[in-house]
Structures are given as C-alpha cells and as structure tokens.
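All residue numbers refer to positions in the sequence shown, counting from 1. Note that the coordinates shown come from a computational prediction; the quantities given were computed from them, not determined experimentally.
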Amino acid sequence: MTEITPWHWIGFILCILFFLALDLGVFHRRARVVKFKEALAWSALWFSLAMLFAGLMAYWRSHAEAVEFVTGYVIEYSLSLDNIFVIAVIFSYFQVAPEARHKLLFWGVLGALIMRGAMILAGVGLIQRFGWILYLLGAFLVFTGSKMFFSSGKPEDSENNIAIRFTKKFFPKFLANQSGKAAVPFIFVLFLIEFTDLIFALDSIPAIFAVTTKPFVVFTSNVFAILGLRSLYFVLAEAIDYFRYLKTGLAAVLIFVGVKMLLSPHGREPQWFQVEISTLISLLVIAGIFLTCIILSVIVARHEKKLNR
C-alpha cells in the first residue's frame, strides 16, 4: 500500500480548496437563487468525486480501506440530512433571502471542515491513547439514538430548534428585530449554522469511529459528506414532507453503530464478548435503513396527497 504522508494531506486539502474557490469565484460569483436542477447536478458531481476518490483509495491503498471510506461517507452524509432541515428552519425563521443562502452555506461548510478536522484529530489521538473511550462513544450513540427514536419523527420546528433556543437565551435582541424587514447580520446566521454543525458533529464523528480510526479515512469521508451537504440542501429543502421518517432512520443508524462499537473487539475484552461486524455488512445495513425510511416516507406522503385531493 502507498503510505499516507503529510504531502497526501496537503494535496487533498489544496484540491478541496481549489474546488471551493472555483465554486464561489466562478460558478456562484454573483448572489442568486440556486435552482433545483443545478443543485441536483452539483450533488451528483460531489457524489461522483467521492466515489472516484474511493476508487483511488482501492488502487493505492486497499479495497478494505476503500470500503471503510465509502461506509464512513454514507454514515456522515446520512447523519447530515437532519442538519439540512435545521438549517432550513434557521433560514426561514431569520428571513434569509434565497439568493444569500448559497454564500452562507459556502462559508458554513468551510468553517465546518476546519472544526471537524480539529475534532477528528483530537478524537483519533484520544482513542489511540485510551482505547476504552470507544465504549463510552458507543454507549453515547445508543443513548442518543434511543432518545431520538422515541421522540417525534417530524423535522424540528422553530420552537424546538436548538439554535433558535440558543438565540432566545443569549441573543434576544436579534429576535426582537424580527418584525418587518429588519435584517439579521450575515455573521450571526453563519454563527448559528456553525453552532448546529457542531451539535450534529457530536453524533456523526463518533459514529464513524465504529468503522475506522484511521485519521485520513475519517477526515476525507467527512470532507466529502460536508461538501455535498450544501448542494443537497437546495435539493431537499422544499421536500421536507417526503422525509417524515428521516429521524427514525437516523435513530436506527445511531443505535446500530453504537452497538457495533460496543461489541467490536478493542483488544482487552474476553473472547466471548467480541462480535466483529464487517465494514461491508455495516454499509449494507446503514444503506438499507435509509432507503427503507425514504421509500416509506415517499409512499405515505403521496398517499396523503391523494386523500387530500
């Protein structure tokens, strides 16, 4: 296998920065509303780049590591779906102009990459030094998933949204300015987007550690998932009703990943306690959960539309 060196890290980061600069500086130089077809094309492009990168990893590293990357990518991408609807609530609540949303998401993604990179490096360092932390992370994911499973399956409304509640408590003057056409500062909405990503990262980053603790795989899969999140927002923001079972799927994935983390061998467990669930099986289970939830959501939504006609 090709050894991962600092040059691989630098090269990967420079490529990502180039694509982001090309996106903002060329394709979206002027603020405008992103249409559905354009957002769908960008989503397909980022997905294709992620799969191309997985192919390169299979060639230069190993097929096993490529599967780890794809599984981590699917986990992070899937767990980011709920983040999309929270961002939609923030944009709606603070009356963010549609043409300004792309730029906000762009800088939000850039901040998220820096923040998640730091969290990943810190998490990998702690796990390598204190392996038992994986048990705590597994228990945390099972708890979070169980709590989400028994809560409402509907997307968060403005009253229950954590970013809105945070604003009400610490920045009430911004809410007081919501009457009429008063504009909320760009930097403040950006801060809320970063804040919500931090909250969601507390679930998604521990989840990928159930698949691999290799820093380069964890980081690159996170990067591709976050990059696709922005364009996916414009695809799904208007279709919230078609994802009513999303939180049920997210909960099931968190519970599954948490149980996998608790049962996976970490070196000091008795032999009878060790249950190894392969990465490929994990990928199939996670993909199956989300496909089932999406299909059920679409069927129920269409059935209700027919009844209301």
Side-chain angles (χ1 to χ4, degrees), residues 36-37 39-55 58 63 66-88 141-142 144-156 200 203-208 210-212 217 221-222 224-261 277-306:
F36 175 82
K37 289 184 179 180
L40 191 62
W42 276 102
S43 296
L45 175 62
W46 286 119
F47 177 79
S48 299
L49 289 174
M51 294 304 102
L52 176 62
F53 186 81
H63 285 85
V67 173
E68 289 178 356
F69 168 82
V70 173
T71 306
Y73 171 75
V74 171
I75 289 176
E76 296 299 323
Y77 203 62
S78 302
L79 295 178
S80 296
L81 291 175
D82 205 29
N83 198 1
I84 289 175
F85 300 130
V86 172
I87 292 174
L141 292 178
V142 172
T144 303
S146 301
K147 185 178 179 181
M148 185 184 297
F149 187 84
F150 290 106
S151 65
S152 172
K154 299 179 180 179
E156 284 190 272
F200 282 98
D203 290 336
S204 63
I205 290 179
I208 198 175
V211 176
T212 180
V217 178
S221 58
N222 257 271
F224 277 109
I226 293 299
L227 289 174
L229 173 64
R230 180 186 41 172
S231 54
L232 191 64
Y233 163 81
F234 295 101
V235 174
L236 300 181
E238 303 300 326
I240 293 179
D241 291 339
Y242 286 97
F243 292 88
R244 64 184 64 201
Y245 296 121
L246 173 65
K247 281 197 173 182
T248 303
L250 293 175
V253 168
L254 287 175
I255 293 172
F256 170 75
V257 172
V259 170
K260 179 183 185 302
M261 191 177 290
I277 303 175
S278 71
T279 304
L280 182 58
I281 294 298
S282 300
L283 174 60
L284 294 175
V285 169
I286 293 167
I289 289 172
F290 277 104
L291 284 176
T292 301
C293 291
I294 290 173
I295 291 172
L296 286 176
S297 298
V298 172
I299 291 174
V300 172
R302 288 183 175 179
H303 180 69
E304 288 184 350
K305 279 191 174 182
K306 287 182 179 179

Report task. Could you check Val257 against Ile286 for side chain to side chain contact (heavy atoms under 4.5 Å, CB included), going step by step and ending with a plain yes or no? Result -> CA-CA 9 Å; Val257 172; Ile286 293 167; 4.2 Å; yes
Compare every heavy atom of [Y] with every heavy atom of [X], then report the nearest pair and how far apart it is.
X      : Y      : answer
Gly249 : Ile289 : O-CG2, 3.6 Å
Glu76  : Ala225 : CB-CB, 3.5 Å
Ile208 : Ser221 : CD1-OG, 2.9 Å
Ala54  : Phe69  : CB-CD2, 3.7 Å
Ala210 : Lys260 : O-NZ, 2.7 Å

Report task. Assign the ring pair Phe224 / Tyr73 to parallel, tilted or perpendicular, where the plane angle (0 to 90°) is split at 30° and 60°. Result -> perpendicular
Query - Test log, rule side chain to side chain contact (heavy atoms under 4.5 Å, CB included), inputs Ser78 and Val253 - result: CA-CA 9 Å; Ser78 302; Val253 168; 5.8 Å; no
Point-to-point distance, once rounded to the nearest 0.5 Å, from [atom1] of [X] to [atom2] of [Y]:
X      : Y      : atom1 : atom2 : answer
Leu250 : Cys293 : CG    : SG    : 8.0 Å
Ile205 : Ile75  : CD1   : CD1   : 12.5 Å
Ile294 : Ile299 : CD1   : CD1   : 12.0 Å
Leu296 : Leu291 : CG    : CG    : 11.0 Å
Leu45  : Leu40  : CG    : CG    : 11.5 Å
Ser43  : Tyr77  : OG    : OH    : 5.0 Å

**Report entry** Test log, rule side chain to side chain contact (heavy atoms under 4.5 Å, CB included), inputs Phe256 and Leu141
**Finding:** CA-CA 9 Å; Phe256 170 75; Leu141 292 178; over 6 Å; no
Query raised in the report: Is there a side chain to side chain contact (heavy atoms under 4.5 Å, CB included) between Leu254 and Val142 once you walk through the steps?
Result: CA-CA 6 Å; Leu254 287 175; Val142 172; over 6 Å; no
